[in-house]
Visitor: 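I'd like to ask some things about the structure below.
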Amino acid sequence: MRKNFCLLFFIKKPKHYTDGPVPIYLRITYEGRRAELATGHKCPSSKWNAKTGRAMGTAESVRIFNGNLNQLETKIDHIYDELLKGDEPITVESIKNAVLGKSVATAKTIVEIFKEHNRKVSLLIGKELASATLTRYNTTLKHLQGFLGERYGALDFQINKINYQFITDFEFYLRTTRKCANNSAVKYVKNFKTIIRLCLASGWLDRDPFINYRAKLKPVIRCFLSNDELDAIANKHFDLERLGIVRDVFLFSCYTGLAYADVQKLKQSEIVKGFDDNFWINTKRKKTETRTALPLLPVAYAIFKKYLDHPLNYNSGRVFPVASNQKMNAYLKEIAVVCGITKPLTYHIARHTFATTITLSNGVPIETVSKMLGHTNIKTTQHYAKILDTKIGMDMAMLKEKLLVSTLPKSAI
């Protein structure tokens, strides 16, 4: 146990120090964390041995001086041994408080810290963070409170008692009581880890309970529309205007890759002529604040022109009259039924469709697709490439043709 605990006496020279005795401090190190306190003793810097942490010399006064430091060290060793016998977790601060004779302050609690974190996140919505971020943390907190009630019969929990077992029990609760799928459970635990890292950075925790925890997200098969399904939606006539508008906005995203939030806020001023004399979208993704620049394909440009003078856009400056995400998804389900599409149609499928059917399947390099989608990491884009059997077939056909040519006799070429 003592391998994680050590004491060191050292001198600390005051600012603008020139000469004379300097204060001696004691540094307590436990589990990689430090705390310092004044000993009340002083020693000339020229007489101090930094290696031994004691004064140099054999005079009686020096032996008495070093003896006082030895007594203090023995006292703290005894305090540490007594703390080991107790039930409460030991921290470098609890050791220091015991040495100073102070009562140990009430340990911080996880729900209290989590609520304060979420309060600060709420103040950044619309500035640095999206509302979905706050929703994610609030949901994680709700699950954590449910876990504390079921597992411990408690409303809160001291953070210095959180360990590996606590984390694995929380994950088990998410998978069983809350019936979360693997990826959802992993993401909730990841959100909880953010709070633990905050505690570590603030000095409220001495050790990381996640140090031996491992969890892995499972690959998700992303749904997207084929060319035939896109044609079915594009060629369908709708008597209800609301379905026609939703269809058009959805198709616009299929041919641009813009997410719902980005189409909703898209302004006419963000569609401009580019260097090639074609119209480009020049905007920022709401989710990541990354710049997105892409030329409008003919289908997308035609939809854009169609809504230039739409009465619902009057004075808004926006490109489309976009309903709430909930309504859009509800109307898309109606569209799927009348168009004979059996896939679970949601607005985000438009973004998947752009990445797969519109771009990657037609030979657009993955680096270009990644930039148009506004991805900050190309690995995110690579998920789409993995599910394209047609792209694999095209690439292998090209390879087959090259191999066939290379094996033919020169006279036959």
Visitor: Verify the neighbour count for atom NZ of K267: are there more than 12 heavy atoms of other residues, nucleotides or ligands below 6.0 Å?
Guide: no

Visitor: Can you tell me how far the CG atom of N4 sits from the CZ atom of R207, to the nearest 0.5 Å?
Guide: 8.0 Å

Visitor: Check whether any side-chain N or O of S361 sits under 3.5 Å from a backbone N or O of T356 as a donor-acceptor pair, and report yes or no.
Guide: yes

Visitor: If you draw a 6.0 Å radius around CZ in F172, do more than 12 non-hydrogen atoms from other residues or ligands fall strictly inside?
Guide: no

Visitor: Does any non-hydrogen side-chain atom of E116 lie less than 4.5 Å from one of E112?
Guide: no

Visitor: Salt bridge or not for R242 and E334, using N-O below 4.0 Å?
Guide: yes

Visitor: Might you work through the side chain to side chain contact (heavy atoms under 4.5 Å, CB included) test for T133 and L124, ending with a clear yes or no?
Guide: CA-CA 10 Å; T133 303; L124 295 174; over 6 Å; no

Visitor: Please test L26 against L8 for side chain to side chain contact (heavy atoms under 4.5 Å, CB included), starting from the C-alpha separation and ending with a verdict.
Guide: CA-CA 6 Å; L26 172 64; L8 173 69; 5.7 Å; no

Visitor: Partners of R214 by salt bridge (charged side-chain N to carboxylate O under 4.0 Å, His left out), sequence neighbours excluded?
Guide: none

Visitor: With rounding to the nearest 0.5 angstrom, report the CG to OG1 distance, L373 to T359.
Guide: 6.5 Å

Visitor: If you count the non-hydrogen atoms of other residues, nucleotides and ligands that lie under 6.0 Å from CG in L240, is the total more than 12?
Guide: yes

Visitor: Taking distance alone, no hydrogens or angles, what donor-acceptor pairs closer than 3.5 Å link side-chain atoms of residues 231-239 to residues at least two apart or in another chain?
Guide:
from: N235; atom 1: ND2; to: D231; atom 2: O; distance (Å): 3.1
from: H237; atom 1: NE2; to: D239; atom 2: OD1; distance (Å): 3.2

Visitor: With rounding to the nearest 0.5 angstrom, report the CG to OG distance, L174 to S184.
Guide: 9.5 Å

Visitor: Quick one: does T353's side chain have a donor or acceptor within less than 3.5 Å of a partner on C254's backbone?
Guide: no

Visitor: Within 45° of the axis and under 6.0 Å from the centre of the six-membered ring of F224, does NZ or CZ of K343 qualify?
Guide: yes

Visitor: E73: what forms a salt bridge (charged side-chain N to carboxylate O under 4.0 Å, His left out) with it, not counting sequence neighbours?
Guide: R54

Visitor: Measuring only between side-chain heavy atoms, which start at C-beta, is Y307 closer than 4.5 Å to V249?
Guide: no

Visitor: Counting only heavy atoms not in I211 (residues, nucleotides, ligands), do more than 12 fall under 6.0 Å from its CD1?
Guide: no

Visitor: Which pair of non-hydrogen atoms, one from A215 and one from V186, has the smallest distance, and what is that distance?
Guide: CB-CG2, 4.0 Å

Visitor: With no hydrogens and no angle check, is any side-chain donor or acceptor of K96 less than 3.5 Å from a backbone partner on E36?
Guide: yes

Visitor: So, using side chain to side chain contact (heavy atoms under 4.5 Å, CB included) as the criterion, who are the partners of Q145 when residues are at least two apart?
Guide: V111, K115, L141

Visitor: For N138 and V121, run side chain to side chain contact (heavy atoms under 4.5 Å, CB included): C-alpha distance rounded to whole Å, both residues' side-chain angles, the deciding distance at 0.1 Å, then the answer.
Guide: CA-CA 10 Å; N138 280 337; V121 168; over 6 Å; no

Visitor: Could you please spell out the steps behind the side chain to side chain contact (heavy atoms under 4.5 Å, CB included) verdict for T346 and L332?
Guide: CA-CA 6 Å; T346 63; L332 283 170; 5.6 Å; no

Visitor: Measure up the F147 and F166 rings against each other and bin them: parallel (under 30°), tilted (30 to 60°), perpendicular (over 60°).
Guide: perpendicular

Visitor: Measure the spacing between CD1 of I79 and OG1 of T74 and express it to the nearest 0.5 Å.
Guide: 11.0 Å

Visitor: Parallel, tilted or perpendicular for Y301 and F304, by the 30°/60° rule?
Guide: tilted

Visitor: Aromatic contact between W280 and F275, with the criterion being ring centroids under 6.0 Å apart: yes or no?
Guide: yes

Visitor: Distance-only check: which donor-acceptor pairs under 3.5 Å involve side-chain atoms of residues 190-204, not counting sequence neighbours?
Guide:
from: N191; atom 1: OD1; to: R136; atom 2: NE; distance (Å): 3.4
from: N191; atom 1: ND2; to: T140; atom 2: OG1; distance (Å): 3.0
from: N191; atom 1: ND2; to: K187; atom 2: O; distance (Å): 3.3
from: T194; atom 1: OG1; to: K190; atom 2: O; distance (Å): 3.4
from: S202; atom 1: OG; to: L198; atom 2: O; distance (Å): 2.9

Visitor: Minimum heavy-atom separation for Y173 and H143, please, with both atom names.
Guide: CE2-O, 3.3 Å

Visitor: Please check if atom CZ in R34 has more than 12 non-hydrogen atoms from other residues, nucleotides or ligands closer than 6.0 Å.
Guide: no

Visitor: Is any side-chain heavy atom of R175 less than 4.5 Å from a side-chain heavy atom of N182?
Guide: yes

Visitor: Would you indicate whether the side-chain heavy atoms of L258 and F354 approach each other to under 4.5 Å?
Guide: no

Visitor: Do F5 and I95 make a side-chain contact, defined as non-hydrogen atoms from C-beta onward lying under 4.5 Å apart?
Guide: yes

Visitor: Using a cut-off of 6.0 Å, state whether more than 12 heavy atoms not belonging to Q326 lie near its atom CD.
Guide: no

Visitor: Counting distance only, does the side-chain N/O of R351 pair as donor-acceptor with the main-chain N or O of G257 below 3.5 Å?
Guide: yes

Visitor: Kindly indicate whether the side chain of D262, heavy atoms from C-beta on, has any atom under 4.5 Å from the side chain of T283.
Guide: no

Visitor: Do you know which two heavy atoms are closest between T256 and L294, and how far apart they sit?
Guide: O-CD1, 3.1 Å

Visitor: Looking only at heavy atoms, what is the nearest atom pair of I159 and T109, with distance?
Guide: CG2-C, 3.8 Å

Visitor: Minimum heavy-atom separation for L205 to P209, with atom names?
Guide: CD1-CD, 4.4 Å

Visitor: Nearest 0.5 angstrom please: R178 CZ to K142 NZ, how far?
Guide: 5.5 Å

Visitor: Applying salt bridge (charged side-chain N to carboxylate O under 4.0 Å, His left out), can you list everything that pairs with E367, at least two apart in sequence or on another chain?
Guide: none

Visitor: Taking all heavy atoms of S94 and all of L83, pick out the closest pair and write down the distance.
Guide: O-CD1, 4.2 Å

Visitor: Do Q268 and L308 have side chains that approach each other closer than 4.5 Å (heavy atoms only, starting at C-beta)?
Guide: yes

Visitor: Nearest 0.5 Å, what's the OH-CG distance between Y152 and L155?
Guide: 14.5 Å

Visitor: Is any side-chain heavy atom of N118 closer than 4.5 Å to a side-chain heavy atom of L134?
Guide: yes

